[in-house]
Participant: 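Can you keep this structure in mind? I'll have questions shortly.
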Number of protein chains: 2
Amino acid sequence: MDPQRNVVVRGERELVLRAGHLFHAREEFACAAADQSTWALPGARERLVAGLHARRARPFKLYNPGALADEESERRLIEIAGHGVQIRICATPLRQETILIDRKVAILAGPAGDGPREYTVVRAPGVVESVRTLFWATWDAATDLADFRRSRPPALNGQSREILHLLADGLKDEAAARKLGLSLRTYRRRVAEILALLDAGSRFQAGLRARELGLA
Amino acid sequence: MDPQRNVVVRGERELVLRAGHLFHAREEFACAAADQSTWALPGARERLVAGLHARRARPFKLYNPGALADEESERRLIEIAGHGVQIRICATPLRQETILIDRKVAILAGPAGDGPREYTVVRAPGVVESVRTLFWATWDAATDLADFRRSRPPALNGQSREILHLLADGLKDEAAARKLGLSLRTYRRRVAEILALLDAGSRFQAGLRARELGLA
DNA sequence: CGCCCGCTGGCAGCAAGCTGCCACCTTTTG
DNA sequence: CAAAAGGTGGCAGCTTGCTGCCAGCGGGCG
């Protein structure tokens with residue numbers, strides 16, 4: 001097929017169907033997006049990451065702060081980062097989603113709106129290189145996820161704040177769980193999640209950080 | 001012996017010897033002092049407190065802030081308070097130590113200086129009553145030990161600050177102990193002491209409080 | 001010198017905290 | 001409707017943290 005000819009597909013499902021094979025990056029896999037709404041297809045993201053990992057390609061992901069707007073998204077990002085994915089955050093809006101694969105392919109998505117999103121698959125070398133240059137320039141100026149998170153209190157939901165309060169009162173897990181009507185197991189799950197959000201390796205550290213960020 | 005006649009003794013040892021029997025309070029045992037330098041005689045304080053406890057007399061102790069000037073004194077105060085002794089702190093200097101027993105006896109000590117301290121044992125009812133009135137007036141105006149401590153960072157020595165630092169870095173006990181060249185046992189002793197000083201029931205709470213007081 | 005103290009560290013036993021696994025239930029989705 | 005996904009809680013096994021007890025060690029002090 002003529003590499004100079006761009007291909008437009010509609011919707012994520014069709015993208016995976018028609019261009020899924022292109023995602024098998026060997027060297028470079030870079031991605032810029034406002035948030036994590038893409039790859040909502042069940043399992044798609046996991047398979048992708050696992051495949052990249054197997055081929056030792058280090059993925060790079062650039063997001064807007066909105067990608068950690070709520071507790072759950074933030075947790076998801078942390079998990080991905082834990083799998084060796086480089087993640088950075090930049091402030092300027094990334095309305096056009098960009099995916100770069102091995103200096104060969106660029107996939108550019110139109111802004112998310114009503115109906116299926118439009119993806120343009122580009123293989124023209126000149127275009128791909130230009131997009132790459134811009135991507136890496138933006139990447140360099142962006143801040144690492146860990147640094148970004150350290151400078152900004154995570155958005156905790158009501159229950160998390162409540163748990164923080166109980167911890168702050170020095171309650172033992174059992175008492176706190178009872179007070180919340182949770183099982184011990186679930187309570188500890190919540191605490192572990194909060195420790196992760198606070199980037200703390202011990203409860204003492206979490207306490208420090210909670211006060212530091214004005215969360216308790 | 002004539003109750004109107006005051007008795008003067010020199011040194012703590014002689015006081016215990018000549019007036020020790022007077023300390024068997026049944027109702028009221030109150031004491032005002034700048035710090036805890038009195039009752040330095042080994043075991044004397046413990047025996048006294050134990051005896052009072054057995055007779056259900058609630059002792060009252062009024063100190064100056066200097067009584068918690070260093071980590072060790074503060075810890076001692078906390079321990080005493082844990083034994084049911086009421087402790088308050090007042091800012092105005094209590095250079096003359098005062099002990100009141102059962103509305104019957106007052107023991108007044110001259111300022112601590114070189115040589116043995118001079119104690120005056122008073123049993124004259126009018127004098128004892130006056131001293132009591134003054135004591136309780138001062139007591140009422142003083143602040144409870146717990147409140148006082150909560151509003152003031154404890155004076156930590158170098159090692160304690162170092163431990164705080166290790167905790168802040170999220171180190172496990174074993175790693176921290178190794179780094180300090182301490183045994184696990186001793187390290188945990190130190191941590192427990194710090195938790196006590198910070199009035200914290202859990203490490204999380206200690207973390208909060210440490211940040212709050214600007215200690216880490 | 002011997003004795004007493006205070007500090008330390010090992011040990012043991014327990015409490016607290018952490019996590020993987022699985023079963024169950026509800027909700028969502030096809 | 002069935003299948004899948006997500007949330008919850010029990011359980012088990014482990015790690016980490018906590019503390020009382022005792023033995024050893026070194027420094028004052030009579």
Side-chain angles (χ1 to χ4, degrees), chain A residues 11-13 36 39-47 70-73 75-76 78-79 82 157-160 162-164 166-207, chain B residues 12-13 36 39-47 70-73 75-76 78-79 82 157-160 163-164 166-207:
Chain A
E12 206 177 312
R13 165 176 293 272
Q36 301 174 83
W39 312 122
L41 286 187
R45 191 200 314 271
E46 289 70 18
R47 273 196 296 279
D70 63 294
E71 211 171 305
E72 199 200 333
S73 332
R75 203 154 37 235
R76 212 153 44 210
I78 295 169
E79 207 210 318
N157 63 33
Q159 193 182 48
S160 296
E162 201 169 351
I163 291 176
L164 232 39
L166 297 173
L167 285 170
D169 287 348
L171 270 76
K172 305 278 175 209
D173 287 11
E174 202 178 331
R178 226 178 308 117
K179 195 163 268 195
L180 292 173
L182 290 179
S183 76
L184 204 57
R185 182 70 187 85
T186 306
Y187 175 75
R188 287 181 175 152
R189 247 198 275 266
R190 299 286 163 272
V191 173
E193 286 163 7
I194 293 174
L195 288 219
L197 288 177
L198 292 176
D199 193 23
S202 72
R203 290 195 179 196
F204 181 92
Q205 210 181 15
Chain B
E12 207 176 311
R13 166 176 293 273
Q36 302 173 83
W39 311 122
L41 287 188
R45 194 200 311 273
E46 289 69 17
R47 273 197 295 279
D70 63 295
E71 212 171 302
E72 197 200 332
S73 334
R75 203 154 37 236
R76 213 154 42 210
I78 295 170
E79 207 209 317
N157 64 32
Q159 192 181 50
S160 296
I163 291 176
L164 231 39
L166 297 173
L167 284 170
D169 285 347
L171 270 76
K172 305 275 173 212
D173 288 11
E174 202 177 332
R178 225 178 309 116
K179 194 161 267 193
L180 293 174
L182 290 179
S183 76
L184 204 57
R185 182 69 187 88
T186 306
Y187 175 74
R188 287 184 175 152
R189 248 198 274 264
R190 299 285 162 274
V191 173
E193 286 162 6
I194 293 175
L195 288 218
L197 288 178
L198 292 175
D199 193 23
S202 72
R203 289 195 181 197
F204 180 92
Q205 210 181 15

Participant: What's the CG-P distance between A:Asp173 and D:dG9, to the nearest Å?
Facilitator: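 After rounding, the reported distance stands at 15 Å.
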Participant: If I compare all heavy atoms of A:Gly170 with all of B:Ser202, which pair ends up nearest, and what's the gap?
Facilitator: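 Smallest interatomic distance, heavy atoms only, reads CA-OG, 3.9 Å.
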Participant: Which heavy atom of B:Leu197 sits nearest a heavy atom of B:Glu71, and at what distance?
Facilitator: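 Heavy atoms of B:Leu197 and B:Glu71 come nearest at CD1-CG, 3.1 Å.
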Participant: For DNA chain D, determine which residues of residues 178-203 of chain B have any heavy atom closer than 4.0 angstrom to one of its atoms, and list them numerically.
Facilitator: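 Nucleic-acid contacts, sorted: B:Arg185, B:Arg188, B:Ala192, B:Arg203.
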Participant: Could A:Arg75 and A:Glu79 be called an ion pair, given the rule that one side-chain N must be under 4.0 Å from one carboxylate O?
Facilitator: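 Looking at A:Arg75 and A:Glu79, the cut-off is not met.
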Participant: Identify, with sequence neighbours excluded, every residue that meets salt bridge (charged side-chain N to carboxylate O under 4.0 Å, His left out) alongside A:Asp169.
Facilitator: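 Partners of A:Asp169 under the salt bridge (charged side-chain N to carboxylate O under 4.0 Å, His left out) test: none.
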Participant: Rounding to a whole Å, what distance do you find between A:Leu167:CG and C:dG17:P?
Facilitator: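 Nearest whole value for this atom pair: 9 Å.
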Participant: Over how many whole Å does the gap from B:Glu71 atom CD to C:dG6 atom P extend?
Facilitator: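 Result: 18 Å.
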Participant: Rounding to a whole Å, what distance do you find between A:Gln159:CD and D:dT8:C1'?
Facilitator: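 It works out to 12 Å between those atoms.
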Participant: At their closest point, which heavy atom of A:Ile163 faces which heavy atom of A:Arg190, and how far apart are they?
Facilitator: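 Minimum heavy-atom separation between A:Ile163 and A:Arg190: CD1-CB, 3.3 Å.
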Participant: Would you mind reading off the distance between B:Leu171 atom CG and D:dT16 atom P, rounded to a whole angstrom?
Facilitator: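 Checked: the CG to P distance equals 12 Å.
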Participant: Hey, what do you get for CZ (A:Arg185) to CZ (A:Arg189), rounding to the nearest 0.5 Å?
Facilitator: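 That separation rounds to 4.0 Å.
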